[in-house]
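In what follows, a structure is listed as structure tokens, so that the remarks can point back to it.
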Amino acid sequence: MPVSTPVAALRPTELEPAVEALAAQPDLCVLAGGTELMVLANAGRLRPGGFLLIDRIPELRGVWFTEQEVIIGAATTCADLTHPDLRAVLPALAQAARAIGSAALRTRATLGGNLASGKRLGGGPAPLPGRDMLTTLIALGAVAVCRTRHDWRQVPVAGLYARDGGVQLQPGELITAFRLPLGTGQQGFMKIGTRGGPGRPVLTLALVVDPSTRQVACAIGGHGPVPARVDHAGQWLQAHVDWEAGAIPDPGTYQTFARLVAEGLLAPLTAGPAGASTSRIPDEYRRQAAEVCARRALVRALPPSGWLEQVKQYQIKAELMRARSAVERAERGLPQAPPVPGPITGPINVPGLGALGARTDITIPAQGNGGRAQ
Amino acid sequence: MSEAHDFDQYDFLSADSSNELEIDPLAGSGTYTVVSSLPSQVQHAAEAVAGPPIPPASGPFATVSIRCTVNGEPVEVPEVWVADSLLFVLRDRLGRTAAKDGCGEGECGACLVLLDGEPVLGCLTPALVAEGSSVTTPEAYGDGDEVSGALAAHCGAGCGYCLPGIGLTTRALLARQPEPSEAAIRESLSGHLCRCLPPGHFIDAVNEAAQAVKRRG
């Protein structure tokens, strides 16, 4: 739809006008916090036709707890994500948010902005931002919810990116939320690199334990354009943990797990030019970093014994958050409905994701079969 | 690196149909290294000479008019480019120069201002976000309060470039936690880079300011 007078800046307070404006004027640059875009603008490398500000849309900011999942609005700030309530149930996400920049930067930096910044579909090459939150979201098995004027699209977060790391958002498409299983187990996030800022980290690692399904998911990032899950390490670990007693009997387990995770770095590195290392960090250093991070993360998440009590605490906190969520939203006058089209009812597949050398069989369990929540 | 000083090559005013200049970080060409610093110099130089940027042939520069409150005083700034930073508008359009222009990338914390009471980085906050909001710059406190006094006493040996931002952070911290622990002080000051002094001076200053504020009651 042609528009006679292009808009310089729009700041809607609801989602509908936002997606309509984006459909009418696809060259509008979506700006949530601006902490990535303004770095480019300050350097004279961004000249937007106009800005669509999404920082005052209540539907896009906040966290919803439902029976099966947690839904996080795309414009939720990193400062929001470090809130103690959220840290109690999604510690890896809180730690990843805490690793971004300084406190003043986190008041504006948003989860969606961290994932959507950087090169776009059809756009020229642009530096790849750190996207530290992405590693954690991939380990958590998060699904991104995108909205155009007429359509919803749901895709596992890794599916938002092309092999070279470019964001695959269609014109007029807006990320509205991320849905992830409510954590009921130990999690951890580690980062080696400079403190926030525009530089890419040497390595990011997220570890997510789900005691109810006895699964350990680990994702590593920083080595290539897109972080990847190292499922073989998690699968190997599954049989080496005494889930009943809450213990890891063999002390050698930690080192073997770490080595398996570090081997996971090799897959994207050998996947071709697009998967090649994007920084000057020697691969051997990064491999060692991955090994050390994986071992530490596992020791903290699953110490040699005595973590059953901790798991119980996580489950209690998760229950509490679920119970409080709707009540608190009503009390504070926040929107009750999250910006998603409804519960996920079928498998979501990403064709071609196997090319990343990571998962080839990404499916989202049907509703009621999440296995995570009780 | 003579091409590094060829302004035409990097001038963001020159006609270019895409929003982002196409620079390939993987290409390994010599041009990539200079890009992070040069265009901001170009931009500042262009604006110092000729005012706001001139619209290029490929399309107009989107500008807006902004009304907000700065240190309690209502202001209106016309013709603000949508991607102008709040810091630029405060310093170059409104003359409030206490917040400093440091790295322009969100690393140093020298540009910290309060937006509706929340600490934000002036250089990474678009000015149009301040529309209808209340902005507090370090000028609001002058140099007469306890925090300024303590910072001057303990950190006066430094160059002072980081101090306006640190002062605002300290005031925000003390408003939140009147008796902050050392860990809380370190955490809140971690977003400010100082190349002159070790952190101990700043921790002493914040502790002294906290005691002085407490004595005043």
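Below, read A as the first sequence line, B as the second, and so on, with proteins coming before strands; counting in each chain starts at 1.
If you measure heavy-atom distances from B:Cys123 to chain A, the contacts under 4.5 Å come from both the backbone and the side chain. For a residue to count as touching a neighbouring chain, one of its non-hydrogen atoms must lie under 4.5 Å from one of that chain's; by this rule B:Leu115 touches chain A with the side chain only. When heavy atoms are compared at a cutoff of 4.5 Å, B:Thr63 approaches chain A solely by way of its backbone atoms N, CA, C and O. Heavy atoms of B:Leu128 lying under 4.5 Å from chain A belong to its backbone as well as its side chain.
The pair B:Glu187-A:Arg106 meets the salt-bridge criterion, since a charged nitrogen lies less than 4.0 angstrom from a carboxylate oxygen. With salt bridges taken as basic N to acidic carboxylate O contacts below 4.0 Å, one links A:Lys191 and A:Asp132. Under 4.0 Å is where a charged nitrogen must lie from a carboxylate oxygen, and between A:Arg108 and A:Asp55 at least one such pair does.
Figure legend: B:Arg171 and B:Tyr141 shown as a cation-pi pair, the cationic atom lying under 6.0 angstrom from the six-membered ring centre and within 45 degrees of its axis.
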